[in-house]
Amino acid sequence: MRILVCVKHVPDPSDDAEFEADGRLCRTGSSGLLSELDEYAIEQALVLAGTLPDATVTALTVGP
């Protein structure tokens, strides 16, 4: 079984947010991390994969 987990790299909430002139979040120079909810999803996928023969877990993301 193949298990696909969609994840998102998000800005660190403890960093000071800076915005571009057009209102978009400036991501250069700021650190990021994996969303806490996505960490939980990956953990659950690994638990499920551990109970199934020949199961693999793949994380998929898009964005900057």
Side-chain angles (χ1 to χ4, degrees):
M1 173 182 262
R2 295 180 185 167
I3 303 169
L4 178 66
V5 182
C6 297
V7 298
K8 184 172 182 179
H9 189 255
V10 296
D12 189 346
S14 64
D15 286 350
D16 292 330
E18 295 181 19
F19 295 92
E20 304 284 348
D22 61 359
R24 291 181 298 137
L25 181 66
C26 178
R27 292 183 181 252
T28 57
S30 66
S31 60
L33 49 91
L34 188 63
S35 166
E36 188 175 319
L37 295 173
D38 294 342
E39 288 179 13
Y40 181 71
I42 290 174
E43 180 181 349
Q44 292 303 308
L46 291 171
V47 169
L48 178 62
T51 65
L52 301 170
D54 299 327
T56 61
V57 176
T58 303
L60 174 70
T61 188
V62 295

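For reference, positions follow the sequence shown, starting with 1.
- Checked against side chain to side chain donor-acceptor pair (under 3.5 Å), Asp22 has the following partners two or more places apart in sequence or in another chain: Arg24.
- Through direct or indirect side-chain contacts shorter than 4.5 Å among Ile, Leu, Val, Met, Phe, Trp and Tyr, Leu37 is connected to no other residue.
- A pairwise comparison of heavy atoms in Val5 and Ala45 identifies CG2-CB, 3.5 Å as the closest pair.
- Minimum heavy-atom separation, Leu34 to Glu39: O-OE2, 3.5 Å.
- Around CD of Glu20, the count of heavy atoms belonging to other residues, nucleotides or ligands within 6.0 Å exceeds 12.
- For the atom pair CD (Glu43) and CG (Asp38), the distance works out to 12.5 Å, reported to the nearest 0.5 Å.
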Please output the side-chain donor-acceptor pairs of residues 50-63 that fall under 3.5 Å, not counting sequence neighbours, one pair per line with the distance.
unit_1, atom_1, unit_2, atom_2, d
Thr51, OG1, Leu48, O, 2.7
Thr61, OG1, Val7, O, 3.0

